[in-house]
Protein chains: 2
Amino acid sequence: MTPIFKVDHTNCQDCPIRHRAVCAHCDADELEELEEIKYYRSFEAGQTIIWSGDQMNFVGSVVSGIASLTQTMEDGRTQMVGLLLPSDFVGRPGREIAPYDVQATTDLVMCCFRKKPFEELMGTTPHIAHRLLQMTLDELDAAREWMLVLGRKTAREKIASLLSIIARRDASISKKGNSGPIVFDLPLTREAMADYLGLTLETVSRQISALKKDQVISLQGKRHVTIPDMGRLMEEAGDDSDGGFLV
Amino acid sequence: MTPIFKVDHTNCQDCPIRHRAVCAHCDADELEELEEIKYYRSFEAGQTIIWSGDQMNFVGSVVSGIASLTQTMEDGRTQMVGLLLPSDFVGRPGREIAPYDVQATTDLVMCCFRKKPFEELMGTTPHIAHRLLQMTLDELDAAREWMLVLGRKTAREKIASLLSIIARRDASISKKGNSGPIVFDLPLTREAMADYLGLTLETVSRQISALKKDQVISLQGKRHVTIPDMGRLMEEAGDDSDGGFLV
DNA sequence: CGAGCATTTGACACATGTCAAGATATGTGG
DNA sequence: CCACATATCTTGACATGTGTCAAATGCTCG
């Protein structure tokens with residue numbers, strides 16, 4: 001059933017996330033140790049990778065595709081609490097039980113490590129532990145940034161915030177000149193966007209239509225977005241338009 | 001002006017947060033190194049400890065009292081993104097500029113470390129780095145828990161969630177038998193609660209009145225709260241009442 | 001070509017925000 | 001110790017943004 005997507009590299013040296021993932025700071029020796037406990041897994045869009053409450057017997061990195069972390073209340077209300085992009089880390093060393101659902105939002109490849117050996121490796125290779133601390137602190141900042149969005153922004157600002165985050169990420173990968181229009185594909189359905197933003201999918205749809213009418217964005221099809229003026233979008237997001245963002 | 005509150009211990013061995021803070025796993029030698037770069041600072045309720053955008057030249061632990069992290073938009077909307085209790089860590093090794101305001105919500109004592117030496121110590125004493133990773137992962141979980149509150153809960157559920165968090169914390173410190181009424185003082189003004197919950201202070205006030213009318217809570221004065229039935233409160237919070245909480 | 005999703009749009013309800021007044025605590029100076 | 005001044009909190013009336021329910025439209029893929 002599960003299709004195996006191509007992993008077009010075989011060793012860590014050629015890995016596309018080599019310099020950004022949890023293994024970023026590792027030297028050749030350390031990589032060799034990681035190679036021994038790693039394996040690739042592929043998931044198709046929509047598949048659940050880990051169920052909240054499950055035993056977690058691996059941790060790992062997203063190699064390609066997008067995954068989401070979601071929490072669900074008993075009555076079915078759900079909130080996405082994290083969006084995992086290539087190089088992001090999944091799982092928590094030292095914890096047995098998964099606290100959220102992890103789902104593949106798009107087709108996805110993960111580089112997994114068996115949990116026990118990985119935890120042991122953490123103790124002996126400070127480079128891994130240190131990198132994981134950095135990444136966790138970054139995620140904490142991102143989560144707090146998102147708390148402002150959820151708690152204080154209007155629906156329109158929420159949509160603009162989400163679009164500018166995705167646009168910024170795409171820009172940081174494809175390194176275009178930073179003026180001129182930005183173009184990308186939305187990797188999320190309206191429902192996923194709603195779950196991320198704490199809105200309903202109807203409100204998401206309405207606000208996207210409104211932004212389109214006001215020419216803040218334009219759409220080709222449902223998913224292909226063009227942003228003629230990034231500064232304008234960031235104003236709509238309620239952020240400082242001078243983009244004061246520290247990477 | 002700034003009153004100096006009593007710090008009734010002089011060395012780390014007698015410190016009330018010795019076994020919970022970033023130094024928890026340190027052995028005697030490591031503590032000695034920390035002693036050399038530490039100093040205490042006191043703040044009175046309402047004082048700002050660090051302004052967003054400021055240079056940060058120290059990191060540290062909350063010894064007593066409560067601090068809050070807040071983000072502010074240009075038009076003045078503010079969202080609290082973290083509540084720091086005794087033993088919680090302030091600041092981020094490897095970062096120059098503070099991303100949020102840090103304020104003393106109550107009178108507060110911090111155990112500060114000069115940033116540079118602390119960062120060096122992190123490199124040489126894995127116990128500190130490891131503990132900081134643990135604590136950061138815990139904070140990340142708390143932040144994500146809070147994203148569900150902000151994004152999906154009603155005003156009444158938000159208030160109940162906040163009360164149950166504070167109640168749970170107080171219970172974990174004062175270790176009462178876990179049935180029977182719980183009593184505590186609210187350390188937050190209605191406005192601070194509103195900023196934490198993404199509400200207005202009027203809505204906070206109304207919902208507290210409503211919970212009081214429905215006998216979920218009772219008040220003696222404005223700040224002194226009694227919870228006759230913790231399970232009931234957690235139902236109101238929309239959480240599983242069987243308290244499925246992993247410490 | 002038709003079935004099944006994803007998305008858009010409309011009408012209406014309701015929760016929460018806004019603005020304004022009063023009430024209750026808290027502290028200060030006479 | 002009292003009286004006033006100030007901050008905090010409560011309550012009311014009304015406005016509005018977002019949710020809910022329902023139907024129509026547009027895609028995608030067998």
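Naming: A, B, ... by sequence-line order, numbering from 1 per chain.
- For B:Y100, the ring-ring contact (aromatic ring centres under 6.0 Å, His included) criterion is met by no residue, not counting sequence neighbours.
- Remark: B:S209 pairs with no residue by the side chain to side chain donor-acceptor pair (under 3.5 Å) rule, at least two apart or across chains.
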Worked check of salt bridge (Lys or Arg N to Asp or Glu O under 4.0 Å) between B:E157 and A:R77: CA-CA 13 Å; B:E157 288 169 335; A:R77 282 176 281 177; 2.8 Å; yes
In B/S/- notation, 5' to 3', how is nucleotides 14-29 of chain C contacted by protein heavy atoms closer than 4.0 Å? --SSBB----------
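- Boundaries of the chain B contact region on DNA chain D are D:dC9 to D:dA13, first to last in 5' to 3' order (nucleotide atom under 4.0 Å from a heavy atom).
- Annotation: proximity of residues 186-195 of chain B to DNA chain D (heavy atom, distance under 4.0 Å) is found for B:T189, B:R190, numbered in ascending order.
- Every pair passing side-chain hydrogen bond (donor to acceptor under 3.5 Å, both in side chains) that includes a residue from residues 192-206 of chain B is listed here, sequence neighbours excluded: A:R152-B:D195, B:T78-B:D195, B:T200-B:T203.
- Each end of the helix from C:dC1-D:dG30 to C:dG30-D:dC1 gets its own axis from five base pairs, and the two axes differ in direction by 40°, given to 10 degrees.
- The side-chain contact (heavy atoms from CB on, under 4.5 Å) check on A:I66 picks up A:L83, A:L85, A:T105, A:T106, A:R169, A:P187, with sequence neighbours excluded.
- Residues that satisfy the salt bridge (Lys or Arg N to Asp or Glu O under 4.0 Å) test with A:D214, not counting sequence neighbours, are A:R156.
- A ring-ring contact (aromatic ring centres under 6.0 Å, His included) check over residues 55-86 of chain A, counting only residues at least two apart or in different chains, returns nothing.
- No hydrogens or angles considered: nothing links the side chains of B:Q79 and B:T70 as a donor-acceptor pair under 3.5 Å.
- For the pair A:Q71 (side chain) and A:D101 (backbone), a donor-acceptor distance under 3.5 Å is absent.
- Note on A:S205: a base of the nucleic acid sits closer than 4.0 angstrom, heavy atoms only.
- In summary, the side chains of B:S218 and B:K212 do not present any donor paired with an acceptor at a separation below 3.5 Å, with no hydrogens or angles considered.
- Evaluation of the salt bridge (Lys or Arg N to Asp or Glu O under 4.0 Å) rule for B:R190 yields no partner, not counting sequence neighbours.
- Among residues at least two apart or in separate chains, side-chain hydrogen bond (donor to acceptor under 3.5 Å, both in side chains) pairs with a member in residues 81-92 of chain B are A:D138-B:R92, A:D141-B:R92.
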